[in-house]
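Residue numbers run from 1 in the order of the sequence given. Note that this is a predicted model, so its numbers are computed, not measured.
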Amino acid sequence: MLRLFRVLERLRACTEVPARNRHWTKIAELSVRFSSTKAAPRFRRMDYQDAICTLNTLQTNASALEQVKRERGHPQLQLQAMRGFLQRAGLKVEELDRLNIIHVTGTKGKGSTCAFTEQILRNYGLRTGFYSSPHLVQVRERIRINGQPIGKELFTKYFWQVYCRLEETKDAHGGSMPAYFRFLTILAFHVFLQEKVDLAVIEVGIGGAYDCTNIIRRPWVCGISSLGIDHTSILGDTIEKIAWQKGGIFKPGVPAFTVKQPDGPMKVLQERAEETGCSLSVCPDLEEYESEGSLRLGLAGQHQHSNASLALQLSHTWLQRHFLYPASSSPVEFSSVSPAPAFQPSPVMIKGLAETEWPGRNQTLKHGPVMYFLDGAHTTRSMQACVRWFNDVTPQHERNAGGSVVRVLLFNATGERDCAAMLKLLVPCHFDFAVFCPNITEAIATCNAGKRRFQTPSCVRDPDAEDDLRSSQSKRDQQNFNVSVENMLTRCLDNQQSWRVLNGQAEKPEAELLIGGGLPLVAERHSDTLVFPCILSALQWISQGRDSVLSDPNKCIIPVKPSISAKAAPLREAVNIHVLITGSLHLVGGALKHLDPALNS
């Protein structure tokens, strides 16, 4: 606890609390609770909010991940448990065959690939289902019909159908209930079956072989986006081990496609395809497709080209198998890895690629003089792509500003990510300010003196993402959450220190001082760094009242010390402020909760 006192004390360098309310450092006075962690009422109303509260009683992120780690050596037991939960919910694995599934995994770009694929097939007049994770603001974003999150009424209706069936049978199964992500996967299958979709695009949560979506028996086609290092404690610490996990979604006779991969993981995917008995094709570059002029994409960034190519192959193959060949036709067996044909996309496909939207990925929002660049990059490879995108799009905006532009970085990362490596990639962007905060949406002063209520973005309640935040309602979890608050704030301070070192603004660790005469990585370029206790306080300080959306009188404004206000003079005087928000999809989701009110409806 002493460590937490010190962390909170250091945060007071940015936040100024009136003397009569100064209880930041008294843990007994710190009221930390999530807006969504209210325990489910004893007498359920079975409305939407009650469904959300009940959903959050399912296991915490940490325990769900520990469960995955324990079961990783016994994948069949994990999938067997998932089948048991599915059956208890009134569904059969065989019924999932009716969903005509496209199953997609990968480290980077699998969500964007799914978004492109779904948009293309929807443009053909098909009724689509789309299951993805994590959500940015509302959990309903994970389950989409025809590209739109299911409505509150529909979510509520189907949630209680599934939850009540599981609850009614739990006593006969040792009181077990599925963890958060497992439950939502079952719910998505139930929704898609009830709503009679023509097809379902299913994004894997983590990995592939052990993922609970992998109870699918007969997808129509499978896809693998770009591979990289992530979730190493679950998937393995080399890209080859990760490739083995990803190749676990291959099914006998079901065609599979992958974007170009390094030689090591490509060999593993080839071996997996051969073992499984399925074809494996490598997607061509987007520029190789036969079209008049270059294909325009609705998603920004050069890295989206490989995702779009994979989506073209997936949608094209699905259409061929569905309309040209019956499902009972001869399966496509493995021969060798072959290049996929660079066919001529139809006008419908071209239109689908151009119309695709996927919030939180290479997204730009302009609020008056403040422009936000949002990207949920959370690995070194995805951060490289984010930096390329940011450097590509900002020069034109800065030329159009007609005056001074201040660049601000808002950063946070969770789990086992290598924050220092990602921050190093961001240094060449030459930010004037680097701001760090935990994935806590807002800290609101309550009527109790000195207490703060921390609200988190709903996306942190995502068991397939390694986040330290807790989301269940038990007293024990609340105690664990206090520890995770300490971890979150300490991590922000560590990131701040890393940024200073990378910019030559602080002494390097003692071990590095053994070599004298070192030069700073960026000479004569220093950026101020600050740590804030929540996303809203960080955004309010960055925008300095110049963003009308953040100036909503209903939003709490956390006061800051005069010295911190004085640091913001360049932000008040600049013609434009450019803010890159990155490092975590959870951070991006929390920011969008404030920046795009429509997402809260």
Do the side chain of [X] and the main chain of [Y] share a donor and acceptor less than 3.5 angstrom apart?
X	Y	answer
N576	P369	yes
R407	H578	no
R361	P359	yes
T582	D375	yes
Q261	L227	yes
W541	L530	no
R546	L571	yes
K366	G368	yes
N503	W499	yes
Q138	N600	yes

Carefully, step by step, assess Y131 and R142 under the rule side-chain contact (heavy atoms from CB on, under 4.5 Å).
CA-CA 5 Å; Y131 177 59; R142 296 176 181 239; 4.3 Å; yes

Just jot down the side-chain contact (heavy atoms from CB on, under 4.5 Å) partners of [X], sequence neighbours excluded, or say none.
X	value
A569	R572, E573
Q49	D47
Q304	S112, F116, L297, L299, N307, N362

Can you see which heavy atom on [X] is nearest to which on [Y], and at what distance?
X	Y	answer
H594	V549	O-CG1, 3.2 Å
C492	N412	SG-OD1, 3.8 Å
A401	V405	CB-CG2, 3.6 Å
S225	G106	OG-CA, 3.3 Å
L136	L585	CD2-O, 3.7 Å
I535	P438	CG1-O, 3.6 Å

Euclidean distance, [Y] [atom2] relative to [X] [atom1], rounded to 0.5 Å:
X	Y	atom1	atom2	answer
M383	L426	CE	CG	5.0 Å
Q119	E357	CD	CD	8.0 Å
D547	I542	CG	CD1	11.0 Å
Q497	L502	CD	CG	10.0 Å

Answer yes if the side chains of R417 and S584 hold a donor-acceptor pair under 3.5 Å, and no otherwise.
no

Short side-chain donor-acceptor distance under 3.5 Å, T107 and R381:
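Judged by distance alone, the side chains do not pair up.
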
Taking the side chain as every heavy atom from C-beta outward, state whether I577 and F433 have any atom pair closer than 4.5 Å.
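Contact flag for I577/F433 side chains = no.
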
Under the side-chain contact (heavy atoms from CB on, under 4.5 Å) criterion, do F181 and I206 qualify, and how do the steps go?
CA-CA 10 Å; F181 184 72; I206 290 181; over 6 Å; no

Carboxylate-amine/guanidinium contact K593 E442, below 4.0 Å
no

Worked verdict on D528 versus V435 for side-chain contact (heavy atoms from CB on, under 4.5 Å)
CA-CA 8 Å; D528 277 324; V435 178; over 6 Å; no

Determine, using ring centers only, whether F390 and F431 are less than 6.0 Å apart.
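Ring centres of F390 and F431 closer than 6.0 Å.
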
